[in-house]
Amino acid sequence: MREIKNFINGQFVLSESGRTFDDVNPANGEVIARVHEAGQEEVDQAVAAANAAMNGPWGTMAVAERMKLLQKVADGVMARFDEFVEAECLDTGKPKSLASHIDIPRGAANFQVFADLVKNIPTESFHMDTPDGLGAHNYAVRKPRGVIAVVAPWNLPLLLMTWKVGPALACGNAVVVKPSEETPHTATLLAEVMNEAGIPEGVYNVVHGFGPDSAGEFLTRHPGINGITFTGESKTGTAIMKAASECLVPVSFELGGKNAAVVFADADIDKAIEGTMRSVFANCGQVCLGTERVYVERPLFDEFVKRLKEGAESLRMGWWQDENVNFGPVISQEHRQKVLSYYEVARKDGANIVTGGGVPEMPANLSEGAWVEPTIWTGLGEDSAVVQEEIFGPCCHIAPFDSEEEVISLVNDTPYGLAAAVWTENLSRAHRVAPKLEVGLCWVNSWFLRDLRTPFGGSKQSGIGREGGVHGLEFYSELSNICIKL
Ligand SMILES: NC(=O)C1=CN([C@@H]2O[C@H](COP(=O)(O)OP(=O)(O)OC[C@H]3O[C@@H](n4cnc5c(N)ncnc54)[C@H](O)[C@@H]3O)[C@@H](O)[C@H]2O)C=CC1
Ligand SMILES: O=C(O)/C=C/C=C(\O)C(=O)O
């Protein structure tokens with residue numbers, strides 16, 4: 001049985017309590033590793049190691065030197081590509097094709113892109129007049145914030161964790177990472193890469209465990225941290241924000257969503273179907289940017305529903321290593337229960353089940369896995385919980401609309417505001433509609449097309465702050481103004 005340990009001050013360590021928990025492959029229910037749960041002691045040690053690192057060579061390292069090390073980390077991930085793919089697929093059950101095209105290359109790119117970016121960032125400078133006529137000169141210097149607590153989710157484990165660790169380290173911070181209890185593997189593998197690349201001890205630390213009364217809470221309540229970056233559920237965001245308020249540390253949050261796709265009758269239907277297939281079903285619907293509400297202009301409605309149904313029914317479920325497989329299980333039995341409870345609500349609310357709606361028949365070797373059917377509904381009212389709440393599963397509700405004004409109001413009628421996709425060949429309409437949608441990210445004629453230099457984050461209850469490109473610098477560094485009287 002594999003042992004997954006905490007990583008503190010450059011060393012893999014057990015937990016003093018001796019407490020462990022199981023890492024389960026959701027495709028077949030097999031226990032694949034025993035994970036050592038960090039208690040308060042390990043979290044204290046990790047935060048102390050990170051603070052010590054800030055006072056060691058890392059804290060004074062030249063930017064160019066730091067960037068070389070981060071490039072080595074990116075190279076190190078790519079050099080162990082197959083191991084990372086296997087670890088990610090075993091933890092999540094996701095198909096190899098997905099992990100090898102999205103999760104792992106993006107995991108490496110997150111180091112490279114932010115290393116490239118940070119070395120070219122200017123700061124501002126202002127000359128001011130003074131009564132004596134000599135003036136004064138102001139200039140800002142950018143400093144690391146200190147120790148950043150990174151609390152990561154399970155849906156894109158390496159990608160979303162490094163999306164935070166990359167810019168944090170590029171800005172010169174040290175980090176303590178708390179990966180999701182469901183997916184402890186790749187954060188631990190990355191620790192080996194950090195050592196191989198020569199990242200100084202204490203700069204990257206990993207503590208394993210759960211949220212409340214476990215490593216997550218111990219870390220986010222810790223007085224030795226200087227900022228918290230979190231991706232996950234909005235409710236967890238509230239709990240973490242309360243913890244952050246006690247030590248008055250800044251937070252950067254990327255939270256849940258109930259994202260819409262809007263398909264106008266003039267859309268290129270082939271492209272709209274291809275994009276909506278990805279936005280609804282990629283990663284078994286477990287992408288925070290994913291679509292769970294689809295609004296289709298009435299003349300195209302029937303054809304769109306028919307073609308999305310055909311697409312959903314052509315998805316191929318199975319074991320991650322099978323080259324033909326493009327659809328995995330959800331992350332856990334617990335999450336499956338949550339998704340299936342919404343399938344039940346849809347039934348009770350009188351949905352027309354276009355396809356799916358239950359649990360698929362799987363071969364004997366996968367029968368203990370957390371499988372659910374890709375599902376499409378029509379006919380629900382906008383007030384159904386299925387249309388209002390984040391399900392985070394492979395499913396969507398499709399409704400017709402008749403005018404731009406109507407669809408804008410439908411899309412915005414939610415407490416969330418993360419992402420949207422608009423499908424139209426009419427450029428004026430695209431420019432008119434996209435800015436009116438209350439979301440942090442709006443794609444036109446695409447979905448999940450990501451330029452890492454652009455601002456990323458959610459409006460309303462979908463997040464606080466923006467990461468990506470120079471925008472993350474606001475969180476991962478602090479500006480000090482220096483005023484020199486001439
Ligand atoms: N990217 C996103 O927007 C994601 C959304 N979700 C949503 O969240 C739901 C539940 O999934 P979970 O993994 O349970 O999400 P979660 O928000 O509970 O957990 C995410 C991370 O936060 C940690 N955590 C939980 N409670 C905490 C606390 N009080 N203090 C500090 N850390 C804490 C967890 O251990 C994990 O590392 C999903 O069904 C889905 O709806 C889940 C993952 C990603
Ligand atoms: O940074 C990205 O490109 C991907 C983001 C996806 C999420 O944040 C998510 O699914 O939680």
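Bear in mind the structure is a predicted one, so any value in this text is a computation, not a measurement. Just so you know, ligand 1 is whichever comes first in the structure, and atom 1 is the first atom listed for that ligand. Residue numbers count from 1 along this sequence.
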**Message:** Here's one to test your reading of the geometry: is the NZ or CZ of Arg278 within 45 degrees of the ring axis of Phe448 and under 6.0 Å from its centre?
**Reply:** no

Could you tell me which atoms of ligand 2, counted from 1 in the order shown, lie closer than 4.0 angstrom to a heavy atom of [X]?
X: Phe448; value: 3 (O), 4 (C)
X: Arg450; value: 1 (O), 2 (C), 3 (O)
X: Leu156; value: 6 (C), 10 (O)
X: Leu160; value: 5 (C), 6 (C), 7 (C), 8 (O), 9 (C), 11 (O)
X: Leu159; value: 1 (O), 2 (C), 4 (C)
X: Val287; value: 10 (O)

Flag the pair [X] and [Y] as a salt bridge only when some basic side-chain nitrogen lies within less than 4.0 angstrom of an acidic carboxylate oxygen.
X: Asp116; Y: Lys119; result: yes
X: Lys164; Y: Glu467; result: yes
X: Lys460; Y: Glu438; result: yes

**Message:** Yes or no: does Pro179 have any heavy atom under 4.0 Å from an atom of ligand 1?
**Reply:**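 In this structure, Pro179 qualifies as a contact of ligand 1 - some heavy atom is under 4.0 Å.
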
**Asked** Pick from Ile228, Ile225, Val177, Asn173: which one makes a side-chain contact (heavy atoms from CB on, under 4.5 Å) with Ile148?
**Response** Asn173

Counting each atom of ligand 1 from 1 as listed, which ones have a heavy atom of [X] under 4.0 Å away?
X: Ile240; answer: 30 (N), 31 (C), 32 (N)
X: Leu255; answer: 3 (O)
X: Lys178; answer: 34 (C), 35 (O), 36 (C), 37 (O)
X: Ala152; answer: 21 (C), 36 (C), 37 (O)
X: Val151; answer: 21 (C), 22 (O), 23 (C), 32 (N), 37 (O)
X: Trp154; answer: 11 (O), 12 (P), 13 (O), 38 (C), 42 (C)

**Message:** Could you work out, for atom 7 (C) of ligand 1, the closest of His208, Lys242, Gln286, Glu390 by heavy-atom distance?
**Reply:**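 Nearest option to atom 7 (C) of ligand 1, by heavy atoms: Glu390.
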
**Request:** Apply the test side-chain contact (heavy atoms from CB on, under 4.5 Å) to residues Val31 and Phe21: give CA-CA distance (whole Å), side-chain angles for both, the deciding distance (0.1 Å), then the verdict.
**Result:** CA-CA 10 Å; Val31 176; Phe21 61 94; over 6 Å; no

**Message:** Set out, in order, the CA-CA distance, both residues' side-chain angles and the distance that settles salt bridge (Lys or Arg N to Asp or Glu O under 4.0 Å) for Glu246 and Arg221, then state yes or no.
**Reply:** CA-CA 7 Å; Glu246 281 171 31; Arg221 286 197 180 281; 2.9 Å; yes

**Prompt:** So, is Cys288 polar-close to ligand 2, with some N/O to N/O distance under 3.5 Å?
**Reply:** yes

**Asked** So, for atom 19 (O) of ligand 1, does the protein have a heavy atom nearer than 4.0 Å?
**Response**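 No, because not a single protein heavy atom sits under 4.0 Å from atom 19 (O) of ligand 1.
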
**Prompt:** Which residue holds the protein heavy atom closest to atom 8 (O) of ligand 2, what is that atom called, and what is the gap in Å?
**Reply:**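 Of every protein heavy atom, Glu254 OE1, 2.5 Å lies nearest to atom 8 (O) of ligand 2.
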
**Asked** Is the distance between the ring centroids of Trp163 and Phe114 less than 6.0 Å?
**Response** yes

**Asked** Got a second to check how far Met67's CE is from Leu169's CG, nearest 0.5 Å?
**Response**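 Spacing of CE (Met67) from CG (Leu169) equals 9.5 Å.
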
**Request:** Kindly give the heavy-atom pair with the smallest separation between Arg80 and Glu192, and that separation in Å.
**Result:** NH2-OE1, 2.6 Å

**Asked** Using 30° and 60° as the class limits, which term best fits the ring planes of Phe392 and His335: parallel, tilted or perpendicular?
**Response**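 Judged by the thresholds at 30° and 60°, the geometry between Phe392 and His335 is perpendicular.
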
**Asked** Does an N or O from Thr231, backbone or side chain, lie closer than 3.5 Å to an N or O of ligand 1?
**Response**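 No; every N/O pair is 3.5 Å or more apart.
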
**Message:** Any nitrogen or oxygen of Glu254, side chain or backbone, less than 3.5 Å from one on ligand 1?
**Reply:**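 N/O-N/O distance under 3.5 Å: no.
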
**Item:** Check against side chain to side chain donor-acceptor pair (under 3.5 Å), Thr220 and Lys178
**Value:** CA-CA 10 Å; Thr220 51; Lys178 211 299 279 168; over 6 Å; no

**Asked** Going by heavy atoms, is Arg106 under 4.0 Å from ligand 2?
**Response** yes

**Item:** Glu182, portion touching ligand 1 at heavy-atom distance under 4.0 Å
**Value:**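 Neither part.
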
